[in-house]
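Every value quoted in this text rests on a predicted model; they were computed, and no experiment measured them.
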Amino acid sequence: MGAARMSGTPLPGIGVRYDLSTREQRRLSVVAHRDGSRTLSAYRVDDPDACALSVRLTAGEAAAVIDALMPAHHSPNLLSTTELGLVAERIELSATSYWNGRLLGETRMRTETGVSIVAVLRRAEAIPSPGPDLRLAGGDTLIVIGTREGADAAAAILGRE
């Protein structure tokens with residue numbers, strides 16, 4: 001069984017093209033454009049120079065595909081919380097949430113649910129171990145760890161409008 005082979009080729013003014021040959025001798029390529037978008041192409045088995053599929057993805061769509069192919073929660077470097085009876089969840093705060101503009105401490109999250117908020121993702125930044133004085137904003141994604149019941153309760157509290 002052959003191993004997958006990957007190569008990269010600079011495309012001046014465009015970005016970088018990555019070519020992959022799978023163990024089944026299938027050819028795939030990804031053009032990483034300078035604007036963050038990606039073009040994913042698959043080539044025909046009977047003619048490896050003929051493109052069978054080409055899809056242009058925005059940066060967000062490419063990130064979603066990456067997450068589907070290699071979800072962060074399956075990373076061998078992360079603690080497997082399910083074996084310990086814990087879950088790690090992402091809870092998004094809507095713009096119409098009651099908590100939009102309020103302090104994190106006002107949610108009384110740990111007292112009410114037993115979950116810990118270990119980070120807040122805001123736009124392109126991560127706020128690790130947020131304190132009670134952090135002002136929440138619509139669009140924030142809170143990373144919580146706790147029991148399944150606690151995470152569900154946290155989602156219900158944060159979903160309050």
Would you say CZ of Arg148 has more than 12 non-hydrogen atoms from neighbouring residues, nucleotides or ligands within 6.0 angstrom? yes

For Arg102, the salt bridge (Lys or Arg N to Asp or Glu O under 4.0 Å) test, sequence neighbours excluded, returns Glu106

**Asked** For Val144 and Ser116, what are the C-alpha separation, side-chain angles and deciding distance, and is it a side chain to side chain contact (heavy atoms under 4.5 Å, CB included)?
**Response** CA-CA 5 Å; Val144 302; Ser116 293; over 6 Å; no

CG (Leu86) and OG1 (Thr147) are apart, to the nearest 0.5 Å, by 7.5 Å

message = Would a single hydrophobic cluster contain both Ile145 and Val120, if residues Ile, Leu, Val, Met, Phe, Trp and Tyr are joined by side-chain heavy-atom contacts under 4.5 Å?
response = no

Output for pair (Leu158 CG, Asn100 CG), nearest 0.5 Å, gives 11.5 Å

Practice prompt. Verify whether one side chain among Ser37 and Arg56 offers a donor that lies under 3.5 Å from an acceptor in the other.
Written response: yes

Practice prompt. Give a yes or no on whether the backbone of Gln25 and the side-chain of Ser21 come within a donor-acceptor separation of less than 3.5 Å.
Written response: no

- [ ] Report yes or no: do Val30 and Tyr43 belong to one cluster of Ile/Leu/Val/Met/Phe/Trp/Tyr joined by side chain heavy-atom distances under 4.5 Å?
- [x] no

Here the pair of heavy atoms bringing Ala126 nearest to Leu121 is CB-CD2, 3.8 Å

To the nearest 0.5 Å, atom OG1 of Thr39 lies from atom NE2 of His33 at 3.0 Å

Got Leu53 and Ser41 here, is their nearest side-chain heavy-atom distance under 4.5 Å? no

Exercise. Mind running side chain to side chain contact (heavy atoms under 4.5 Å, CB included) on Ile157 and Thr113 for me, showing each step along the way?
Key: CA-CA 9 Å; Ile157 289 169; Thr113 68; 3.6 Å; yes

In this structure, CZ of Arg17 is separated from CZ of Arg38 (nearest 0.5 Å) by 15.0 Å

With sequence neighbours left out, the residues meeting side-chain contact (heavy atoms from CB on, under 4.5 Å) with Val16 are Tyr18

To the nearest 0.5 Å, atom CG of Leu136 lies from atom CG of Leu142 at 6.0 Å

Here the pair of heavy atoms bringing Ser29 nearest to Asp19 is CB-OD1, 3.2 Å

Residues pairing under salt bridge (Lys or Arg N to Asp or Glu O under 4.0 Å) where one sits in residues 131-140, two or more places apart or in two chains, turn out to be Arg122-Asp140

Margin query: Under the criterion side chain to side chain contact (heavy atoms under 4.5 Å, CB included), I'd like the reasoning laid out for Ile14 against Val31: C-alpha separation, chi angles, the key distance, then a yes or no.
Written below: CA-CA 8 Å; Ile14 297 171; Val31 175; 4.1 Å; yes

Quiz item: Which is it for Val55 and Leu57 under the side chain to side chain contact (heavy atoms under 4.5 Å, CB included) test, yes or no, and what are the steps along the way?
Solution: CA-CA 6 Å; Val55 179; Leu57 303 169; 3.7 Å; yes

- Message: Taking the side chain as everything from C-beta on, heavy atoms only, tell me whether Ile143 gets closer than 4.5 Å to Glu89.
- Response: no

query: Any side-chain heavy atom of Arg27 sitting closer than 4.5 Å to one from Arg44?
result: no

d(Leu28 CG, Cys51 SG) to nearest 0.5 Å is 10.0 Å

Closest non-hydrogen contact found for Gly13 with Arg34 is CA-NH1, 3.5 Å

**OP:** For the pair Glu112 (side chain) and Met109 (backbone), establish whether a donor and an acceptor sit closer than 3.5 Å, ignoring hydrogens and angles.
**Re:** no

Next on the checklist: Please check: side-chain N/O of Thr107 versus main-chain N/O of Leu104, any donor-acceptor pairing under 3.5 Å?
Outcome noted: yes

Heavy atoms of Leu103 and Pro132 approach each other most closely as CB-O, 3.6 Å

